[in-house]
Amino acid sequence: MPGSQRSALGSLMLIAAVVGFSVGAFSYTAGWLSPGRLSSKELVSALAPPGGPALGHRRNHAKGVCFTGTFESNGTAVALSKATVFTAGHYPVLGRFNLATPDPNAADPTVRVRGVGVQISAPDNSVWRMALIDPPVFAVSTPHGFYDLLEASKSKDPEAMKGFVAAHPEFAAFGEWATKAPWTASYAEVTFNSLNAFIFTDAAGTKNAVRWSLRPETQAVPISGADFAKLGPNHLEEDITERVAKSPQRWTLVLTVADPSDPTADPTRAWPPERRTVEAGTLVVQKIEPEVDGPCRDINFDPTILPDGIKVADDPFPAARSAAYARSYDLRTSEANHYPRTAVSAKP
Ligand code: HEM
């Protein structure tokens, strides 16, 4: 076999290993939710590890910690959307830092993908919920591709991942990130990305496709996976709790505006870096609370809960995600006896 082919195969094996390792870690599911094909029930079942789901917990991103804070809107984004949260002012935020795993007890260094759920509320009772992750692109271009990824990752057939990668060339960019991107040792250093595109409408009715990111004010300090592992299995929660107790932590909300030629239905395809960006304001995280008694536990950060001025685009993911999150929410809240609140909070 020529050297270049051998090294390509080596890369594929490496990607397969990363994904295999991430069955527990990066456990998204794919699914096209049309009747008779893939239901949200099948989609959520596919997220479960071989031993079954952790009852009472989110079926993905099960390890997390709650926060509250403020979105300090600077008013600039009214040029893109009439959503009230873009009018200059301060708006309450409820959120959750999390890891993409169905195991609430997973050790931090075993989980490659980190996430954040955010809810921003406005005085007119409008609410914007989002759930963002740290890779720069998604792993697959359709919800069904995600289901295929999970099935391949779980398969005992050694050829399954190779077959998946061959059938999903779009996976390469995510695989490259997953194998090569440096780790960091703090949620405070993570850039979180919407990846999915949404349509923003301004007061005059002008529409633009937009993706967004939360860019940390704290400089990222790369760390090797081995050194990160030395910090312990729950370092991320311990670290963010300590940092926020000392001073609020901040992220800039950066909106990226698509050109008409940019793909809006495929989160594996990044938009060119020269696209116009608008800094809409700052997410200020002021208080961390453990999930068990925290305000984020019983929230569903459904990405289709949007204020007037933002709506879904032709991207198929938000609808598939909404159905899967609702299913997961229904299951976990009906299993609350498996994840009871602590005795302290049960007191009147
Ligand atoms: C078809 C694709 C996907 C499926 C089936 C899926 C499934 C799920 C499920 C079942 C949950 C738990 C929901 C709950 O119980 O409240 C969840 C949480 C989450 N997902 Fe997804 N997901 C998908 C794609 C994505 C994408 C594209 C992103 C980001 C761009 C993302 C980011 C997150 C985050 C950050 C959370 C945790 C939110 C929280 O803290 O409650 N997911 N996902």
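Order of appearance sets the numbers: ligands from 1, and atoms from 1 within every ligand.
Heavy-atom minimum distance, F200 versus S81: CD2-CB, 3.6 Å.
Of all atoms in ligand 1, numbered sequentially from 1 with element shown, those under 4.0 Å from a heavy atom of V116 are 35 (C). Near L132, meaning under 4.0 Å from one of its heavy atoms, ligand 1 places the atoms 35 (C). Atoms of ligand 1 lying under 4.0 Å from any heavy atom of L47, numbered from 1 in the order shown and given with element: 10 (C). Counting atoms of ligand 1 from 1 in the listed order, those under 4.0 Å from a heavy atom of F138 are 24 (C), 26 (C), 27 (C). Interface atoms of ligand 1 facing R96, defined by a heavy-atom separation under 4.0 Å, are 39 (C), 40 (O), 41 (O). If you number the atoms of ligand 1 from 1 as listed, the ones under 4.0 Å from a heavy atom of F301 come out as 39 (C), 40 (O), 41 (O).
A donor-acceptor pair under 3.5 Å is formed between the side chain of T241 and the backbone N or O of E237. Formation of a donor-acceptor pair under 3.5 Å by the D227 side chain with backbone atoms of S224 is not found in this model. Judged purely by atom type and a 3.5 angstrom limit, S126 has no side-chain atom pairing as donor or acceptor with the backbone of A122. Side chain of S213 to backbone of N193: no donor-acceptor contact under 3.5 angstrom is found. Although no hydrogens or angles enter the test, the distance criterion places no donor-acceptor pair under 3.5 Å between the side chain of S328 and the main chain of A324. Between the side chain of S121 and the main chain of V127, no donor-acceptor pair closer than 3.5 Å is present.
Within the 4.0 Å heavy-atom shell around ligand 1 one finds S194.
Here the rule is side chain to side chain donor-acceptor pair (under 3.5 Å) with R114, and of N98, T184, T191 only T184 fits it.
For the pair N196 and ligand 1, the shortest N or O to N or O distance does not fall below 3.5 Å. Between N300 and ligand 1, no N or O atom pair is found at a separation short of 3.5 Å. Considering backbone and side-chain atoms together, N193 places no N or O closer than 3.5 Å to any N or O of ligand 1.
Donor-acceptor pairing under 3.5 Å is lacking for the side chains of E279 and T252.
With a cut-off of 2.8 Å, atom 21 (Fe) of ligand 1 has no N, O or S atom of N60 in range.
Looking at R321, R129, H57, it is R321 that brings a heavy atom closest to atom 28 (C) of ligand 1.
At a heavy-atom cutoff of 4.0 Å, ligand 1 is contacted by the side chain of R332 but not by its backbone. Here H61 has side-chain heavy atoms under 4.0 Å from ligand 1, and that is the only part of it that gets that close.
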